[in-house]
Participant: 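Dropping a structure here in C-alpha cells format, bear with me for questions.
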Amino acid sequence: MIKFAILGAGRIGQVHAANVAGHSHAQLAVVADPLIDNAKALTSAWGGIAMADPLEAIHHPQVDAVVIGTPTHTHVDLMLAAARAGKAVLCEKPVDLDIRRASEAEKALGEQASRVMLGFNRRFDQGFSEIHQRLRQGDIGTLHQVIITSRDPGLAPMGYLQHSGGIFRDMVIHDFDLARWILGEEPTEVFATGSRLFEPALEALGDYDTVMVQLRTASGKQCQINCSRQAVYGYDQRMEVFGSGGMLLNDHQRATTVRRYGPQETEARGPLLNFFMERYSDAYRREIDAFISAIKAGTAMPITVGDGCRALKLANAAQLSADTHAVVILD
C-alpha cells in the first residue's frame with residue numbers, strides 16, 4: 001500500500017482524498033490544511049491523521065507520496081520539500097505563475113524530477129486519451145488541425161480571479177497542455193485575442209472573460225482554442241481533430257443520453273454536466289491511478305514539471321499577444 005499525504009483540504013483536495021481512499025493500492029495517511037477543521041472533515045470521511053502544517057505532513061514517516069492541492073504560490077516550495085524528502089509528488093497546475101520560478105524549480109529537482117507529476121488531469125479523460133491514441137495509430141492520417149472548446153458555466157468569484165494569474169494562466173493552461181499533447185509538436189507561433197464581453201471589472205486586473213488562441217507548429221499544424229468564463233448552458237468541453245484521412249470528435253458530456261421527441265421540439269436533451277468536478281471525475285480517478293502505477297513500476301511520471309513550464313510559456317505568450325494584438329514567436 002502506498003500511503004498518501006493530501007496537502008490542502010479544499011475542493012480539489014476533497015477529490016484527491018476520495019480517490020486515494022478508494023484505490024486498492026493506496027491509503028490516506030495524512031491530510032494537512034491550516035484550516036484544521038477542513039482537514040479533520042476529510043480524515044473523518046476517509047481516514048488518516050489531520051494536521052495543520054503541510055511540512056509536518058511531508059516529513060511524516062508513514063507518508064510515501066504527496067498530493068499538493070494548496071494555493072498556487074505554495075506549489076514550488078512544497079513540491080521541492082516533498083521531492084527532497086524522497087516522496088513521490090503529484091502537484092496541481094500550475095507550477096507557479098512566474099515562469100522563472102517554475103523553470104528554476106524544474107532545475108532544482110534534478111534527479112528527483114522523474115518522481116514529480118503535474119496535475120493536468122484532462123490528459124486522463126477517456127475521450128481525449130482515445131483521440132491521442134487513435135492519432136498515434138494513424139486513424140485519420142496526417143494531423144492538420146485541432147480545435148479545442150473550453151467554456152466555464154460561470155465567472156469565478158472576484159476574490160479568486162484577483163490571484164489566479166489571469167484566464168490564460170489559470171484556465172486556458174489546461175488547453176495549452178492538451179494542445180501540445182495532441183499536436184505532438186511544440187507550437188512556435190501564438191496569436192491570441194481577448195475581450196471583456198460581460199465583466200468590465202476584469203480590466204483592472206488586466207484580464208479577459210472571453211479569449212481565442214491560434215497556435216502553429218514549425219511543420220504547419222494548427223490549433224485553435226476558444227474559451228469563455230461564462231456559458232449559460234453548462235460546462236462546455238469539446239475537441240475536434242482533423243487530418244488527411246478524417247476527423248475525430250470528443251463531444252459534451254451529460255448526465256443522461258436520453259433525448260425527448262415531442263410536438264414542440266425534437267431531440268431535446270438534458271443539460272451539460274455542471275462543472276469540472278462532475279465532467280472530469282473519471283479523469284481524476286485515472287490520474288491517481290497513473291500516478292500510483294508509475295510509483296509502483298519505478299517509471300517516470302507521465303506528465304512532468306517540464307510540461308507545466310512549457311504550458312506556462314504558451315500562456316504567457318498568449319497574454320502578451322492579446323495585450324499587444326501581435327503574433328508572438330517562440331523559440
Side-chain angles (χ1 to χ4, degrees), residues 68 71-80 83 89-110 112-114 116-123 128 132 143 145-148 150 161 163-194 205-208 211-227 239 300-331:
I68 301 173
T72 296
H73 71 274
T74 67
H75 286 183
V76 166
D77 290 340
L78 293 176
M79 179 178 66
L80 291 176
V89 183
L90 170 58
C91 181
E92 280 298 320
K93 67 80 191 171
V95 181
D96 195 83
L97 295 178
D98 185 335
I99 187 61
R100 290 172 296 182
R101 193 159 188 256
S103 298
E104 288 169 0
E106 181 186 12
K107 293 177 183 177
L109 284 170
Q112 293 296 320
S114 64
V116 179
M117 178 172 163
L118 205 66
F120 282 125
N121 67 296
R122 294 184 191 179
R123 292 200 195 189
F128 295 147
H132 183 268
L143 176 63
Q145 293 179 322
V146 178
I147 301 172
I148 300 172
S150 179
L161 295 174
H163 304 285
S164 70
I167 189 170
F168 293 112
R169 299 181 187 92
D170 172 53
M171 179 180 174
V172 193
I173 196 167
H174 277 291
D175 306 297
F176 289 132
D177 180 69
L178 275 181
R180 294 181 54 249
W181 187 53
I182 295 296
L183 287 167
E185 299 178 19
E186 296 296 334
T188 55
E189 298 178 18
V190 180
F191 179 69
T193 59
L205 305 179
D207 200 3
Y208 306 100
V211 300
M212 297 192 78
V213 183
Q214 184 77 32
L215 306 175
R216 185 181 185 276
T217 70
S219 71
K221 294 178 183 177
Q222 301 171 352
C223 178
Q224 181 191 75
I225 302 171
N226 62 90
C227 294
M239 178 187 289
M301 295 296 169
I303 309 174
T304 67
V305 173
D307 288 316
C309 290
R310 285 183 278 276
L312 184 58
K313 287 179 181 178
L314 290 174
N316 287 346
Q319 182 75 50
L320 177 61
S321 178
D323 291 345
T324 61
H325 309 288
V327 175
V328 175
I329 307 298
L330 299 174
D331 295 332

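What you are looking at is a predicted structure, and each value in this text was computed from that prediction instead of being measured.
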Participant: Restricting to side chain to side chain contact (heavy atoms under 4.5 Å, CB included), what partner residues turn up for E104, sequence neighbours left out?
Facilitator: none
Participant: Kindly indicate whether the side chain of Q214, heavy atoms from C-beta on, has any atom under 4.5 Å from the side chain of Q222.
Facilitator: yes
Participant: Sequence neighbours excluded, which residues qualify as salt bridge (charged side-chain N to carboxylate O under 4.0 Å, His left out) partners of R169?
Facilitator: none
Participant: Can you list the residues that meet the salt bridge (charged side-chain N to carboxylate O under 4.0 Å, His left out) rule with D98, with sequence neighbours excluded?
Facilitator: R100
Participant: For H75, which residues count as a ring-ring contact (aromatic ring centres under 6.0 Å, His included) partner, sequence neighbours excluded?
Facilitator: none
Participant: Please list, chain by chain and in numerical order, all residues satisfying salt bridge (charged side-chain N to carboxylate O under 4.0 Å, His left out) with D77, sequence neighbours excluded.
Facilitator: R101
Participant: Specify the closest pair of heavy atoms between I148 and C223, including all atoms of both residues, with the distance to one decimal.
Facilitator: CD1-SG, 4.1 Å
Participant: What distance do D175 atom CG and L314 atom CG have between them, rounded to the nearest 0.5 Å?
Facilitator: 11.5 Å
Participant: At what distance, to the nearest 0.5 angstrom, does CD1 of I68 lie from OG1 of T74?
Facilitator: 7.5 Å
Participant: Between E106 (side chain) and T304 (backbone), is there a donor-acceptor pair under 3.5 Å?
Facilitator: no
Participant: Report all side-chain donor-acceptor pairs from residues 179-188 shorter than 3.5 Å, counting only partners two or more places apart or in another chain.
Facilitator:
| from | atom 1 | to | atom 2 | distance (Å) |
| --- | --- | --- | --- | --- |
| R180 | NE | E186 | OE1 | 2.9 |
| R180 | NE | E186 | OE2 | 3.1 |
| R180 | NH1 | D307 | OD1 | 3.2 |
| R180 | NH2 | E186 | OE2 | 2.7 |
| R180 | NH2 | D307 | OD1 | 3.4 |
| W181 | NE1 | H132 | NE2 | 3.2 |
| E185 | OE1 | T217 | OG1 | 2.8 |
| E185 | OE1 | S219 | OG | 2.8 |
| E185 | OE2 | S219 | OG | 2.9 |
| E185 | OE2 | K221 | NZ | 3.2 |
| T188 | OG1 | R216 | O | 3.3 |

Participant: Could you tell me which residues satisfy ring-ring contact (aromatic ring centres under 6.0 Å, His included) with F120, sequence neighbours excluded, listed by chain and number?
Facilitator: H174
Participant: State, to 0.1 Å, how close G119 and E92 come at their nearest heavy-atom pair, and which atoms those are.
Facilitator: O-OE1, 3.8 Å
Participant: Please give me the minimum heavy-atom distance between A83 and V116, naming the atom from each residue.
Facilitator: CB-CG2, 4.2 Å
Participant: Not counting sequence neighbours, which residues clear salt bridge (charged side-chain N to carboxylate O under 4.0 Å, His left out) with K313? List them please.
Facilitator: none
Participant: Only counting residues at least two apart or in another chain, list the ones meeting side chain to side chain donor-acceptor pair (under 3.5 Å) with D207.
Facilitator: none
Participant: Do Q145 and Q224 pass the side-chain contact (heavy atoms from CB on, under 4.5 Å) test, and can you show the C-alpha distance, the side-chain angles, and the key distance before you say yes or no?
Facilitator: CA-CA 8 Å; Q145 293 179 322; Q224 181 191 75; over 6 Å; no
Participant: Show the nearest heavy-atom pair for residues S150 and M171, with the distance to one decimal.
Facilitator: O-CE, 3.3 Å
Participant: What's the verdict on side-chain contact (heavy atoms from CB on, under 4.5 Å) for V95 and L312, showing C-alpha distance, side-chain angles and the deciding distance?
Facilitator: CA-CA 8 Å; V95 181; L312 184 58; 5.8 Å; no
Participant: List the residues meeting side chain to side chain contact (heavy atoms under 4.5 Å, CB included) with S114, not counting sequence neighbours, and say none if there are none.
Facilitator: A300
Participant: Using a strict threshold of under 4.0 Å (side-chain N to carboxylate O), is an ion pair present between D177 and R122?
Facilitator: no
Participant: Of all residues at least two apart in sequence or in a different chain, which pass the side chain to side chain contact (heavy atoms under 4.5 Å, CB included) check with A192?
Facilitator: F168, V213, A318, S321, A322
Participant: Taking the side chain as every heavy atom from C-beta outward, state whether P94 and T72 have any atom pair closer than 4.5 Å.
Facilitator: yes
Participant: Measure across I173 and A311 and return the closest heavy-atom pair with its distance rounded to 0.1 Å.
Facilitator: CG1-CB, 3.8 Å
Participant: Grab the two heavy atoms, one from L118 and one from G308, that are nearest each other, plus how far apart they are.
Facilitator: CD2-CA, 3.2 Å
Participant: Side-chain donor-acceptor pairs under 3.5 Å in residues 324-331, sequence neighbours left out?
Facilitator:
| from | atom 1 | to | atom 2 | distance (Å) |
| --- | --- | --- | --- | --- |
| T324 | OG1 | L320 | O | 2.7 |

